[in-house]
Amino acid sequence: MDRMKRFLLAALLTGMVFDCAGAGPNGATSISVPKIGPGVFFVATNGNDQWSGNLPAPSRKGTDGPFATLPRALKAVREARQHGAVESRQTATVFLCGGTYFVEAPIVLTPEDSNLLLMACPGTTPVLSGGRPITGWKEVSVEGKKLWAADVPDVRDGKWLFRELWVNGRRATRARQPNKGYLSITELLDKAPEWTQGQTRFRFREGDLKAWNTVTNGEVVAMTKWVESRLPVVSVDEKERIVNFSKRSVFGLEAGDLYYVEGAFEFLDEPGEWYLDPASGTLYYLPLPGERLEALQAIAPALSQVVRVEGRPEAGKFVGHVILRGLTFAHTEWCFPTGFQSGKNKPNISPEPKAEVGGFGQAAVGVPGAVWGEGVHECAFENCRFANLGNYGLELARGCQANRVVRCEFSDLGGGGLKIGEASIRDQAAEQTGDNEVSNCHIHDGGKMFHSAIGIWIGQSPGNRLTHNLIHDFYYTGISIGWTWGYGTALASNNTVEFNHVHHIGVKSDGDGPILSDMAGIYTLGKQPGTTIRNNLWHDMAGIRYGGWGIYFDEGSSGILAESNVVYRTTHGGFHQHYGETNVVRNNIFAFARDHQIQRTRNEPHQSFAFVTNIVYFDTGVLLTGDLGGDQYLFDWNVYFDARPDAKPDQLRVGPCTWQQWLERGHDRHSLVTDPLFVAPQQNDFRLQANSPALKIGFHPIDLSHVGP
């Protein structure tokens with residue numbers, strides 16, 4: 001018996017058991033050891049659902065011990081409540097011991113499961129998996145390729161198809177062309193009447209694609225604007241260099257847009273790749289150096305969700321005071337069901353009638369969370385992992401209020417990290433989502449299947465707090481708040497974004513990307529009075545055609561304060577406002593944008609924003625771009641510095657204006673064009689020296705020591 005089991009069993013035999021009731025000072029977990037009583041159950045991989053579930057390990061005689069499955073433990077808790085052994089407001093506890101639990105259907109929690117602690121046994125890492133192990137591997141040789149193969153009968157019967165596979169704990173690559181990088185579209189043969197309407201074919205470059213035997217098992221993943229489209233291949237005409245699809249791209253494609261192809265046997269040519277033959281039901285894998293056939297552990301996703309928390313907010317029935325602590329959720333996948341039409345999920349565009357579309361209009365918004373909830377109140381996810389997933393990690397949808405997601409990790413994600421709220425506006429307060437907290441989380445390596453997915457997405461949802469998170473390595477956007485385009489009704493007010501570190505958005509840490517446009521470290525939409533973006537660090541943002549920004553106020557963004565942020569190394573600017581009103585951008589540092597530093601796109605007859613007491617430091621591109629007409633904005637008390645050796649302060653240009661012309665228009669009359677005297681800007685150290693001129697005009701030093709988890 002290992003140490004953990006001995007320890008727990010000793011505690012049990014002495015009438016005691018762990019009950020990690022909450023967080024102590026500085027976020028440390030407080031461990032109490034109350035007397036054991038009804039409503040405490042154990043689950044273990046060597047358990048038995050016929051046992052009592054009252055022991056953490058099987059008894060010596062093998063007649064009693066833990067349950068084998070979580071659903072059985074939840075049933076025991078419900079029975080204990082029904083029989084009066086556990087009061088309705090008393091917290092019941094289920095301990096999951098280490099190991100992987102392959103669930104046959106999503107674990108469902110309902111209002112009757114309120115007041116529940118689901119917790120990992122101390123020192124263990126239980127995994128709730130939505131996948132199935134693939135076994136029976138053997139060595140084969142096919143068309144000159146030495147491969148490992150396994151028979152998957154349900155694939156052959158059409159019951160189970162998957163696009164992701166995890167081998168020995170890591171995501172394996174679905175066979176693709178090219179192995180690295182991307183191909184580019186040469187020509188569009190069908191001009192869409194509007195940019196919102198996509199195509200079902202394009203012309204490719206000579207040699208990029210061929211009429212391979214299994215090419216119709218594959219799909220093209222094409223990127224345009226800010227979305228990807230997954231387009232099943234119908235045929236390839238090598239002579240005319242035309243590839244045809246059974247689905248339409250989300251938006252109109254353009255020559256030069258990037259794409260790749262995956263899912264054909266002919267692409268299986270690099271170690272670590274795999275191919276699934278839907279006709280024979282055979283799964284092929286090309287092993288990495290050092291991998292051994294007898295030690296291969298392969299898991300394919302079978303479920304789209306591992307846990308569903310199902311309240312009924314429209315009826316006033318909520319799942320409340322449930323804590324999930326120390327659990328890992330893994331091996332799920334969501335893909336478009338047959339007959340899928342994404343028009344209803346596209347923001348602000350007209351759906352194409354009778355068109356099956358290969359994606360979503362923004363943020364992969366229709367991709368669900370592997371853990372999903374509605375009507376969830378005052379619940380918590382603590383020290384959990386959402387990893388090796390094919391969709392978003394966690395989704396708090398309709399009517400989820402006052403929940404906490406703390407010290408969790410989200411990684412290796414087919415989609416994004418978290419979704420909070422909905423795209424639609426709910427009229428009833430009970431059905432609105434808000435006042436949730438995401439803090440001290442590490443959210444990274446996302447967009448593996450849905451490239452436009454986001455680290456944290458907040459829809460029509462107010463009062464949420466995003467603090468002290470580390471978010472990086474997404475192809476599209478780090479944090480997105482709001483889902484109203486323009487000045488219409490919107491609910492995403494009073495959200496707080498503080499002390500987060502967000503980096504490598506658009507371009508990943510390994511150099512992959514950019515592949516999309518129109519993204520940012522943080523992206524906002526619609527009226528958001530009271531929303532605050534303060535004391536965050538944003539860097540390394542890149543867009544392929546346009547729009548790799550740090551802070552991006554898109555359509556209708558209004559009433560937002562961006563204060564004391566540091567933004568550096570972006571392709572298209574530290575700050576951009578498309579259009580909006582009464583925003584305030586103050587006491588920020590914007591440095592080293594490539595093309596331009598600040599952008600204002602639309603001229604409107606109201607105050608766009610106030611840009612005051614900021615420092616803008618650059619050595620490429622221009623200071624300000626966009627539509628600078630109307631003068632309905634305020635620039636003042638800023639410090640600007642062009643760090644190029646040949647730059648002269650009196651020759652600084654602001655858009656089409658000389659510095660003097662800009663001053664005469666009433667802008668930046670108290671601003672300085674001078675070196676702010678950072679400590680070491682080339683080494684990303686933007687602390688100010690004691691004699692910095694920025695301090696003399698009201699700039700307050702930004703302390704980054706508390707940024708991140």
Could you report the tightest heavy-atom contact between Phe699 and Ile702, atom names first, then the distance? CZ-CD1, 3.8 Å
Side-chain donor-acceptor pair under 3.5 Å between Asn587 and His700, yes or no? no
Which label fits His667 and Tyr633: parallel for a plane angle under 30°, tilted from 30 to 60°, or perpendicular past 60°? parallel
Relative to each other, are the rings of Tyr617 and Phe592 parallel, tilted or perpendicular (30° and 60° limits)? perpendicular
Could you check whether His572 and Tyr546 have their ring centres less than 6.0 Å apart? no
Cation-pi check, Lys508 to Tyr475: give yes when NZ or CZ is under 6.0 Å from the six-membered ring centre and within 45° of the ring axis, no otherwise. yes
List the steps, then state whether salt bridge (charged side-chain N to carboxylate O under 4.0 Å, His left out) holds for Lys419 with Glu395. CA-CA 5 Å; Lys419 292 169 62 182; Glu395 179 174 3; 3.5 Å; yes
Backbone N/O of Val357 and side chain of Arg248: donor-acceptor pair under 3.5 Å: no
Would you say Glu254 and Arg545 make side-chain contact, with heavy atoms under 4.5 Å? yes
We want to know whether His472 and His442 form a side-chain donor-acceptor pair, criterion being a heavy-atom distance below 3.5 angstrom. yes
Quick one: does any side-chain atom of Arg586 pair with a main-chain N or O of Leu561 as donor and acceptor, under 3.5 Å? no
For Tyr182 and Asp512, what are the C-alpha separation, side-chain angles and deciding distance, and is it a side chain to side chain donor-acceptor pair (under 3.5 Å)? CA-CA 10 Å; Tyr182 304 89; Asp512 187 18; 2.9 Å; yes
Which heavy atom in Pro709 sits nearest to a heavy atom in Cys441, and how many Å separate them? CG-O, 3.8 Å
Using the rule given for salt bridge (charged side-chain N to carboxylate O under 4.0 Å, His left out), can you reason through Arg644 versus Asp619, listing the C-alpha separation, both sets of side-chain angles and the distance that settles it, and then say yes or no? CA-CA 5 Å; Arg644 283 171 282 205; Asp619 57 9; over 6 Å; no
Which value, rounded to the nearest 0.5 Å, describes the distance between Glu228 atom CD and Ser249 atom OG? 12.0 Å
Tightest non-hydrogen contact, residues Gln177 and Asp208, listed as NE2-O, 3.2 Å
Just checking Phe336 against Phe360, ring centres under 6.0 Å apart? yes
For the pair Asn565 (side chain) and Ile533 (backbone), establish whether a donor and an acceptor sit closer than 3.5 Å, ignoring hydrogens and angles. yes
Run Leu652 and Tyr640 through side chain to side chain contact (heavy atoms under 4.5 Å, CB included) and show every step you take. CA-CA 9 Å; Leu652 180 69; Tyr640 304 109; 4.0 Å; yes
Are Lys527 and Ser493 close enough that some pair of their side-chain heavy atoms sits under 4.5 Å apart? no
Counting heavy atoms not belonging to Arg465, are there more than 12 under 6.0 Å from its CZ? yes
Kindly indicate, with the supporting measurements, whether the criterion salt bridge (charged side-chain N to carboxylate O under 4.0 Å, His left out) is fulfilled by Asp412 and Lys448. CA-CA 7 Å; Asp412 185 37; Lys448 297 293 185 73; 3.3 Å; yes
Using the ring-ring contact (aromatic ring centres under 6.0 Å, His included) definition, which of the options Phe635, Tyr568, Phe609 pairs with Phe575? Phe609
Using a 3.5 Å cut-off and no angle test, enumerate the donor-acceptor pairs between side-chain atoms of residues 689-698 and protein atoms at least two apart in sequence or in another chain.
unit_1 : atom_1 : unit_2 : atom_2 : d
Gln689 : NE2    : Phe678 : O      : 3.1
Ser692 : OG     : Pro676 : O      : 2.6
Ser692 : OG     : Ala694 : N      : 3.1

Are Glu437 and Ser439 close enough that a side-chain donor and a side-chain acceptor fall under 3.5 Å? yes
Ion pair present between Asp540 and Arg569, side-chain N to carboxylate O less than 4.0 angstrom? yes
Looking only at heavy atoms, which two atoms of Gly416 and Phe474 are closest? And how far apart? CA-CE2, 3.9 Å
Taking the side chain as every heavy atom from C-beta outward, state whether Leu466 and Ile456 have any atom pair closer than 4.5 Å. yes
As a quick check of understanding, evaluate salt bridge (charged side-chain N to carboxylate O under 4.0 Å, His left out) for Arg201 and Asp190, giving each step before the final call. CA-CA 8 Å; Arg201 62 176 184 163; Asp190 309 300; 2.8 Å; yes
Side chains of Phe553 and His576: closer than 4.5 Å at any heavy-atom pair? no
Here the pair of heavy atoms bringing Gly361 nearest to Trp226 is O-NE1, 2.8 Å
With side-chain hydrogen bond (donor to acceptor under 3.5 Å, both in side chains) as the test, pick out the partner of Asn464 among Asn495, Asp435, Thr496. Asn495
Rounded to the nearest 0.5 Å, how far apart are CZ of Arg205 and CD of Glu187? 14.0 Å
Pair Arg600, Ser608: side-chain N/O donor-acceptor within cut-off below 3.5 Å: yes
Looking just at side-chain N and O atoms, do Tyr487 and His606 make a donor-acceptor pair shorter than 3.5 Å? yes
With no hydrogens and no angle check, do the side chains of Thr484 and Gln460 hold a donor and an acceptor under 3.5 Å apart? yes
Quick one about His444 and Glu409 (side-chain donor to acceptor, distance below 3.5 Å, no hydrogens or angles considered), yes or no? yes
Evaluate the criterion side chain to side chain contact (heavy atoms under 4.5 Å, CB included) for residue pair Trp659 and Asp650; output intermediate values, then yes/no. CA-CA 7 Å; Trp659 181 247; Asp650 59 351; over 6 Å; no
Is the closest side-chain donor-acceptor distance between Ser557 and Glu555 under 3.5 Å? no
Without swapping roles, check the side chain of Ser452 against the backbone of Gln362 for a donor-acceptor pair under 3.5 Å. no
Going through the distances and angles, do Asn614 and Val585 end up as a side chain to side chain contact (heavy atoms under 4.5 Å, CB included)? CA-CA 8 Å; Asn614 299 288; Val585 182; 4.1 Å; yes
Nearest 0.5 angstrom please: Ile598 CD1 to Phe590 CZ, how far? 5.0 Å
Testing the 3.5 Å rule here: is there a donor-acceptor pair between the side chains of Asp473 and Ser509? yes
Any chance you could lay out the side chain to side chain contact (heavy atoms under 4.5 Å, CB included) test for Val365 and Trp483, step after step, and finish with the verdict? CA-CA 10 Å; Val365 68; Trp483 207 245; 3.9 Å; yes
Go through the side-chain N and O atoms of Asn583 and Gln577 and say whether any donor and acceptor fall under 3.5 Å apart. yes
Tell me the closest heavy-atom pair linking Tyr392 and Ala453, and the distance in Å. OH-CA, 3.6 Å
Verdict with reasoning, Ser411 to Asp445, per side chain to side chain donor-acceptor pair (under 3.5 Å): CA-CA 5 Å; Ser411 64; Asp445 296 304; over 6 Å; no
Checking ring pair (Phe, Tyr, Trp, His ring centres under 6.0 Å) for the pair Phe245/Phe202: CA distance, chi angles, key distance, verdict? CA-CA 9 Å; Phe245 314 116; Phe202 63 72; 5.5 Å; yes
Residue pair Asn436 / Thr433, side-chain donor-acceptor N/O under 3.5 Å: no
Establish, from distance only, whether the side-chain atoms of His501 and His468 form a donor-acceptor pair under 3.5 Å. no
